[in-house]
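First up is the structure itself, then whatever we jot down about it.
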Amino acid sequence: MLYMNQEKKTDSLEAMRKFSETYAKRTGTFFCADTSVTAVVIEGLAKHKDQYGSPLCPCRHYENKEIEVAVAYWNCPCVPMRERKECHCMLFLTPENDFSSSNQDISEKELLEHLNKI
């Protein structure tokens, strides 16, 4: 999905960036050591929130995204993340995960820099 305007993109990305930081801190999880993974996942959450009204996990294939949003199982944070701290997208990683960084923050500038490289 392409954003209609840059302002909406920035608002959505900022909302999902703040959510991700807050959730990581609240759950004691960390972002992926590869910051581009974090950026792409946050962008995917923002796009789904804009398109479907909910931040549906962007790393899975769905036959019908509207139905998946209504079921809410894969809405971020998904049930596996909430119940077992298992994040398929690698956005929220436990400290012992080999791909985990020590970061629970990503600046708006850093986020946009990674997305502009794509």
Side-chain angles (χ1 to χ4, degrees):
M1 172 189 157
L2 295 175
Y3 285 96
M4 296 296 178
N5 62 52
Q6 188 64 31
E7 182 178 313
K8 184 171 178 89
K9 179 178 181 180
T10 302
D11 290 348
S12 301
L13 281 173
E14 184 62 9
M16 289 295 97
R17 183 187 72 80
K18 286 180 178 179
F19 156 76
S20 298
E21 289 180 343
T22 300
Y23 191 78
K25 291 170 186 169
R26 194 175 82 220
T27 59
T29 57
F30 299 88
F31 295 148
C32 185
D34 181 348
T35 310
S36 65
V37 170
T38 302
V40 169
V41 174
I42 290 172
E43 179 187 41
L45 292 171
K47 286 179 179 181
H48 281 161
K49 185 149 179 60
D50 285 345
Q51 191 169 10
Y52 303 106
S54 186
L56 184 65
C57 174
C59 302
R60 296 192 170 273
H61 171 75
Y62 307 98
E63 294 297 322
N64 185 316
K65 290 182 180 180
E66 290 87 0
I67 290 173
E68 293 296 338
V69 166
V71 172
Y73 187 88
W74 292 115
N75 295 345
C76 189
C78 65
V79 171
M81 181 60 212
R82 291 190 311 255
E83 290 182 352
R84 300 181 301 278
K85 290 190 179 179
E86 294 174 1
C87 182
H88 175 79
C89 296
M90 296 179 58
L91 180 59
F92 304 115
L93 300 172
T94 57
E96 62 274 358
N97 187 298
D98 290 339
F99 297 101
S100 177
S101 70
S102 59
N103 298 324
Q104 294 175 311
D105 296 294
I106 183 171
S107 70
E108 182 178 11
K109 178 183 176 190
E110 190 176 16
L111 177 64
L112 292 174
E113 284 174 358
H114 281 287
L115 296 177
N116 288 330
K117 290 179 186 176
I118 300 172

Quick check on the hydrophobic clustering: are [X] and [Y] connected, directly or via other members, by side-chain heavy-atom contacts under 4.5 Å?
X: Leu56; Y: Tyr23; result: no
X: Leu13; Y: Val37; result: yes
X: Phe99; Y: Val41; result: yes
X: Ile106; Y: Met16; result: yes
X: Leu111; Y: Met90; result: yes

Lys/Arg-Asp/Glu bridge criterion (N-O < 4.0 Å) met for Glu113, Lys117: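 Result for this pair is no, no salt bridge flagged.
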Salt-bridge present (Glu68, Lys65; N to O < 4.0 Å):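 Between Lys65 and Glu68 there is no salt bridge, as every charged N stays at least 4.0 Å from the carboxylate O atoms.
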Single hit among Glu108, Glu110, His114 for side-chain contact (heavy atoms from CB on, under 4.5 Å) with Leu112: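 When Glu108, Glu110, His114 are each tested with Leu112, the side-chain contact (heavy atoms from CB on, under 4.5 Å) holds only for Glu108.
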Whether Phe92 and Phe31 hold their rings parallel, tilted or perpendicular, with breakpoints at 30° and 60°: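 If you compare the ring of Phe92 with that of Phe31, the planes turn out tilted.
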NZ/Lys25: more than 12 non-hydrogen atoms of other groups inside 6.0 Å: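 Yes, because the 6.0 Å sphere around NZ of Lys25 holds more than 12 heavy atoms from other groups.
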Value rounded to 0.5 Å, distance of OG in Ser12 from NZ in Lys49: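 So the gap between those two atoms works out to 8.5 Å.
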Stepwise salt bridge (Lys or Arg N to Asp or Glu O under 4.0 Å) test for Glu14 and Arg17: CA-CA 5 Å; Glu14 184 62 9; Arg17 183 187 72 80; 2.6 Å; yes
